[in-house]
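These notes concern the structure reproduced below.
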Amino acid sequence: MFSGKCTSSARLDGKTAIVTGANTGIGKVTARQFYTLGAKVILACRDVRKAEQAVSEIVAEVKGDGLGQLIVEELDLASFASIKRCAKSILQKEKQIHLLVNNAGVMTCPKGKTQDGFETQFGVNHLGHFLFTSLLLPRIRNSTPARIINVSSMAHTRGSINFEDINSDKNYSAIAAYSQSKLANVLFTKELARRLEGTGVHVYSLHPGIVNTELPRTVDQVFFPGMWLLGRIVLYPFVKTPEQGAQTTLHCSIDEKAGEETGLYYSDCKAKEPSAIAKDPELAKKLWVKSMEMVGLNDYDMFNCSGDTLPEPLKNA
C-alpha cells in the first residue's frame with residue numbers, strides 16, 4: 001500500500017554498476033537485482049568480510065541464465081584515504097562505469113568525527129560520496145548513457161546547511177546533523193545534474209521510505225535503549241522490507257522513463273517535490289564550492305579531465 005514498485009523490464013548486460021554499502025539492507029537488494037539483470041556489480045563496502053558473505057548469499061539465492069558478476073572492493077566512507085584507494089582500484093580495473101549508487105550511510109549517530117576530522121554524518125553521507133563520485137566521474141562520463149543515484153531521505157525536509165558550523169562543533173544534534181547530510185545529498189544531486197546537462201549522465205536523489213534495515217543501529221545510543229524497537233512498533237504499518245525499500249533505487253537506475261529525467265527527487269518510484277530549500281540553485285552551488293574545498297579538490301576539474309587515465313588526485317594515492 002505504501003510502496004511503489006519498479007516495473008521496468010530493462011536488462012543490464014554488459015554494464016558495470018557500483019553500489020556502496022551493498023553488504024546489507026537495500027544496498028544488498030540493489031546489488032542482487034543488478035546481478036540478476038546481467039550487470040557486473042561492485043559491492044563497495046567498509047567491511048570486506050560482510051561483503052563477501054553477502055556475495056555468497058546472493059549467489060546461493062539467485063539461479064538461472066544471464067547472471068552478471070559480483071566483485072568486492074573495500075570502501076570506508078569515513079576515510080578520504082580509503083575512498084581514494086577504492087576509486088583508484090576500480091579505475092585501474094574497469095574501463096567503463098555505467099551505474100553508481102551512493103547507498104551507504106549512517107543515521108543519528110552519537111557525536112563523532114571521520115578520520116579526516118568532519119562530523120560523522122555529514123562526512124560519511126555527503127562528503128564521502130561527494131569525493132567518491134568526483135573521482136569516478138570522468139570514467140562515468142566516458143560510459144554514457146550512465147546514471148548516478150544518491151540515496152537521500154525525507155529527513156532532508158527538516159534540514160538546513162549551517163555553513164557557520166557545518167561540523168556541528170558548537171551545537172550537536174544527531175537528528176539535525178542527519179537532516180543536514182540528507183539535504184546535502186539532494187542539493188549535490190541538483191548541482192551535479194546541472195553541471196552534467198547534455199552529457200548523457202543523469203543524476204537522481206531519492207527517499208527509500210522507512211525501511212527495516214541496520215541503518216538506525218545507533219539510535220538507542222543517542223536517545224534511550226529500546227528507542228528503535230519502539231519506533232518500529234509505532235511505525236509498523238509504514239515500515240518497508242529491504243526489497244520494498246530498494247524499489248525506488250531500482251526505478252532510478254533502470255527505468256526507461258526515469259532515464260529521460262535528471263536532477264529530480266523520487267519517492268515510491270515517482271518524481272516528487274523536495275523541500276523548498278532543496279530546490280535553491282544558489283544554495284546548491286554554494287554547497288558544491290564548500291564541498292570541493294572540504295575534500296581537497298579545488299584544483300581538480302572533473303568535467304574536463306580525461307576519463308581514460310587516473311585523475312590527478314589519485315596519481316599518488
Scan the side chains in residues 308-317 for donor-acceptor partners under 3.5 Å anywhere in the protein, sequence neighbours excluded, and list what turns up.
{"unit_1": "Asp308", "atom_1": "OD1", "unit_2": "Asn142", "atom_2": "ND2", "d": "3.1"}
{"unit_1": "Glu312", "atom_1": "OE1", "unit_2": "Lys315", "atom_2": "NZ", "d": "3.3"}

* State whether the side chain of Thr16 and the backbone N or O of His98 hold a donor-acceptor pair below 3.5 Å, judged by distance alone. => no

* Structure fact -> The complete set of salt bridge (Lys or Arg N to Asp or Glu O under 4.0 Å) pairs with one or both residues in residues 141-161, sequence neighbours excluded, reads none

* Counting only heavy atoms not in Asn171, do more than 12 fall under 6.0 Å of its CG? -> no

* Asked: Can you pull the salt bridge (Lys or Arg N to Asp or Glu O under 4.0 Å) pairs that have at least one residue in residues 96-118, sequence neighbours excluded?
  -> Lys113-Asp169

* To do: Please answer whether the main-chain N or O of Gly21 pairs with a side-chain N or O of Asn103 as donor and acceptor at a distance below 3.5 Å.
  => yes

* Asked: Among pairs that include at least one residue of residues 13-31, which meet salt bridge (Lys or Arg N to Asp or Glu O under 4.0 Å), considering only residues two or more places apart or in two chains?
  -> Arg11-Asp13, Lys28-Glu57

* Can you list the residues that meet the side chain to side chain donor-acceptor pair (under 3.5 Å) rule with Ser205, with sequence neighbours excluded? -> none

* Asked: Within 45° of the axis and under 6.0 Å from the centre of the six-membered ring of Phe163, does NZ or CZ of Lys290 qualify?
  -> no

* **Distance-only polar pair, side chains of Thr133 and Asn102, donor-acceptor under 3.5 Å** => yes

* Asked: Does NZ or CZ of Arg194 fall inside the cone over Trp288's six-membered ring, less than 6.0 Å from its centre and within 45° of the axis?
  -> no

* Fit a plane to each ring of Tyr266 and Tyr204, take the angle between them on a 0 to 90° scale, and name the class: parallel (under 30°), tilted (30 to 60°) or perpendicular (over 60°). => tilted

* Evaluate the side-chain proximity of Ile90 to Phe132: yes if any heavy-atom separation is below 4.5 Å, no if none is. => yes

* Asked: Could you give all pairs that pass the side chain to side chain donor-acceptor pair (under 3.5 Å) test and reach residues 66-85, with sequence neighbours left out?
  -> Glu73-Ser89, Glu73-Lys93, Ser79-Gln115

* Residues, nucleotides or ligands: over 12 heavy atoms within 6.0 Å of Asp299 CG -> no

* **Side chain proximity check, Leu77 to Leu131, heavy atoms < 4.5 angstrom** => no

* To do: Verify whether the ring centers belonging to Tyr265 and His156 lie closer than 6.0 Å.
  => yes

